[in-house]
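The structure presented is a predicted model; accordingly, all values stated were derived computationally and were not measured.
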Amino acid sequence: RDVERSRGLGDVYKRQLIDRHVQIIGAGSSGDPSSNSIITQSAAGAGDTKIGVVQLAAPGVSSSDPILIKNFRIKPDGLAGISVGRFTESTNTRISYVKLENVKVIGNNTNPSTEQERGLYVDKTSSLKYMDVLDCSFDSLTYGWYLHKDVSSDTSTVSDVLVENTSFTHNNLKGIYVEKLRKATFTNCTFSENGFSSSGVPSYFLPWMAGVDINLKAGTNSNLTFENCEITNNALGGAKEGVGLTVKGRGTGSDPSYAAYPAIVDNIRITGCNVTNNERGLRFGEPGKNNTGPTNVEVRDCNITGNVKTYSGSDGSAYGGLVNQSTATVNAQCNWWGDISGPGGDGPGTGDAIAKVSGNIVYGPWLDGAYPGGTCDQCGGPTVTNLNTSELFCDIQEAIDDPNVIDSDIIVVYPGTYGENINFKGKRICQFITKYLHTYPTWRENIDKTLKDHAEEIKELKDKIKLIETSVKKDEQADKSKN
């Protein structure tokens, strides 16, 4: 049955093995032992570098009755803070229903070459499911999180994770490094000053320092969300390929090291985040590998500014606020790039650069000011609107490709020059030309004016589309009856 332990003030504890369903509640997570509960251990004291100060070896019962660790400070010295399994080993441990609340895992930043100080670690074949992390910190470690994955048919995973109001700051190599993760949401989290120095970092780790490195391997991973997060000042310690946040589906494209067991990565959302002053802002796909994923990536309502090269060499891959090294399209509409002219690089403006290395980036329309407050109405040229959904686009093909488009929709094309090829892709839609591009100050008023002044023409178009649809359906039915 459940056991609840209420810790008193001023306690300092050694390593804890949690091998039964318990709730452990301390007095606080600050550094003063006179009024807070601190758990500390060194590798020498534990006699084992592959375990954690807190070793999770038993599951909770449900989301309402989890393993609970609350109001503690955990201080690892040369080993993990919280561990599922053993470092670099394959223990097949299965843990579920865990809640961390006001837990501060604080390391020493003393020996990044060993990878030993990991705030949260899951070994190569172990799984951790249904975890809530609330008001926590994983700071001054080698890695804030390290989620390891065996590159094989192994089906271990870390999934159904909720992280809120949690910091991953000033870690030697990366705030988060994961090789398996799905159905995870990070809200109001801070990823800052990770990869801050080259001191003591081996040459094989140094180029890849990052704030968040989602380096997925061997399995299906989907539904990762970062919302209202701070992703700032990461990988500024001489990292040739450094980045604030990156997501990769390894083993796809021309990525032979993991091709036998590729990672399928889908549905990535980054919304409402400040992505500022990193070596690179956001990057999708491993440089030079033409990964086919992640797919269905959306970056929206973010401030992407000040992400410029600080690395002294000239041999790094593409730089910018958003770099697409995958072959999939990235939807990056409605972001603020630091200038009303829009993104620079492969974009039309002078704001943070975008780099379409392998796949496309849909960047327009963009915000006319910083989020929140900016309006998503900037295209740097003529606009296109779907009258049925009221969505704004900067290119005709973007409007056609929009997944919200259905048969019988009317696409309004305002006057201007569009340098593109048009492919209807079998969609039964109609393009309509209107003169009201600059008559009214906002695109919403232009839509209203179009609907009002061309009401009869639009009705006729819709009627014609319905007749065509009816005729096509009759032809399809006739073909089926013949067969």
Side-chain angles (χ1 to χ4, degrees), residues 5-18 22-43 45-46 51-56 66-84 98-112 116-122 128 131-147 161-178 184 186-194 196 211-212 229-234:
R5 301 173 185 170
S6 181
R7 299 300 193 183
L9 300 179
D11 291 332
V12 178
Y13 303 93
K14 295 299 183 180
R15 175 178 173 264
Q16 301 292 309
L17 171 65
I18 299 178
V22 294
Q23 295 183 339
I24 305 178
I25 302 176
S29 62
S30 294
D32 182 1
S34 67
S35 56
N36 296 274
S37 297
I38 301 172
I39 309 174
T40 185
Q41 185 61 278
S42 67
I51 59 174
V53 176
V54 173
Q55 192 76 16
L56 295 179
I67 292 284
L68 173 65
I69 305 173
K70 181 177 180 179
N71 298 336
F72 274 95
R73 190 177 191 89
I74 299 173
K75 296 178 64 177
D77 182 3
L79 71 168
I82 301 169
S83 185
V84 177
V98 174
K99 184 175 183 179
L100 308 178
E101 186 174 354
N102 188 29
V103 174
K104 312 295 184 187
V105 185
I106 310 298
N108 297 292
N109 284 140
T110 55
N111 195 2
Q116 288 304 328
E117 289 189 3
R118 306 167 303 279
L120 171 68
Y121 177 74
V122 179
L128 176 57
M131 177 176 68
D132 290 348
V133 180
L134 310 177
D135 304 309
C136 294
S137 296
F138 299 87
D139 301 338
S140 299
L141 301 145
T142 306
Y143 298 92
W145 284 12
Y146 189 138
L147 310 182
V161 175
L162 174 65
V163 186
E164 294 182 350
N165 303 314
T166 292
S167 68
F168 301 81
T169 65
H170 204 68
N171 296 294
N172 291 115
L173 301 183
K174 300 173 184 184
I176 288 181
Y177 175 71
V178 306
F186 297 81
T187 303
N188 296 322
C189 293
T190 298
F191 306 92
S192 182
E193 298 180 7
N194 301 290
F196 58 90
V212 180
C229 292
E230 297 289 326
I231 304 168
T232 62
N233 298 300
N234 292 292

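For the atom pair CG of Asp135 and NZ of Lys104, the computed distance is 6.5 Å after rounding to the nearest 0.5 Å. Considering CD of Glu101 and CD1 of Ile25, their distance stands at 8.5 Å, rounded to 0.5 Å. Atom OG1 in Thr142 sits 7.5 Å away from atom CG in Asn111 (nearest 0.5 Å). Here Asp139 contributes atom CG and Glu193 contributes atom CD; the two are 10.0 Å apart, rounded to the nearest 0.5 Å. Rounding to the nearest 0.5 Å places CG of Leu100 at 5.0 Å from SG of Cys136.
Residues Gly52 and Ser83 approach most closely at N-CB, 3.6 Å, considering heavy atoms. Residues Ser137 and Ile106 approach most closely at CB-CD1, 4.3 Å, considering heavy atoms. Scanning all heavy atoms of the two residues, the minimum distance from Val105 to Leu141 falls at O-CD1, 3.7 Å. The shortest non-hydrogen separation linking Leu134 to Lys99 is CD1-CE, 3.6 Å. Here the closest non-hydrogen pair linking Gly26 and Ser37 is CA-OG, 3.6 Å.
Asn172 places a side-chain heavy atom less than 4.5 Å from the side chain of Phe196. Between Thr40 and Val53, every side-chain heavy-atom pair lies at or beyond the 4.5 Å cut-off. Considering only heavy atoms from C-beta on, Leu17 comes within 4.5 Å of Gln55 through its side chain.
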Step-by-step side chain to side chain contact (heavy atoms under 4.5 Å, CB included) determination, Ser167 to Phe138:
CA-CA 6 Å; Ser167 68; Phe138 299 87; over 6 Å; no
Run the numbers on Trp145 and Phe168 for ring pair (Phe, Tyr, Trp, His ring centres under 6.0 Å), then give the verdict.
CA-CA 8 Å; Trp145 284 12; Phe168 301 81; 5.5 Å; yes
I'd like to know whether Ile67 forms a side chain to side chain contact (heavy atoms under 4.5 Å, CB included) with Ile18, so could you lay out the CA-CA distance, the side-chain angles of the two residues, the decisive distance to 0.1 Å, and finally the verdict.
CA-CA 9 Å; Ile67 292 284; Ile18 299 178; 4.1 Å; yes
Start with the C-alpha distance between Phe191 and Glu230, add both sets of side-chain angles, then the distance that settles side chain to side chain contact (heavy atoms under 4.5 Å, CB included), and finish with yes or no.
CA-CA 6 Å; Phe191 306 92; Glu230 297 289 326; over 6 Å; no
Before giving the answer on side chain to side chain contact (heavy atoms under 4.5 Å, CB included), spell out for Asn109 and Ser140 the whole-Å C-alpha distance, their side-chain angles and the decisive distance to 0.1 Å.
CA-CA 5 Å; Asn109 284 140; Ser140 299; 3.3 Å; yes
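Proximity of a side-chain donor or acceptor of Asn108 to a complementary backbone N or O of Thr110 within less than 3.5 Å is not detected.
Scanning for side chain to side chain donor-acceptor pair (under 3.5 Å) contacts around Tyr143 gives Glu115, with sequence neighbours left out. In this structure, the side chain to side chain contact (heavy atoms under 4.5 Å, CB included) partners of Ser192, at least two apart in sequence or on a different chain, are Thr169, Thr190, Thr232, Asn233. Ser30 is linked by a side chain to side chain contact (heavy atoms under 4.5 Å, CB included) to Asn36, counting only residues two or more places apart in sequence or in another chain. The side chain to side chain contact (heavy atoms under 4.5 Å, CB included) test applied to Ala184 returns Val161, Leu181, Phe186, Leu224, not counting sequence neighbours. Partners of Asn171 by side chain to side chain donor-acceptor pair (under 3.5 Å), not counting sequence neighbours, listed by chain and number: Asn194.
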Show which side-chain atoms of residues 69-81 pair as donor or acceptor with protein atoms under 3.5 Å away, not counting sequence neighbours.
unit_1 : atom_1 : unit_2 : atom_2 : d
Asn71  : OD1    : Asn102 : ND2    : 2.9
Arg73  : NH1    : Ser29  : O      : 2.9

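Partner of Met131 under the side-chain contact (heavy atoms from CB on, under 4.5 Å) criterion, chosen from Val84, Leu120, Val122: Leu120.
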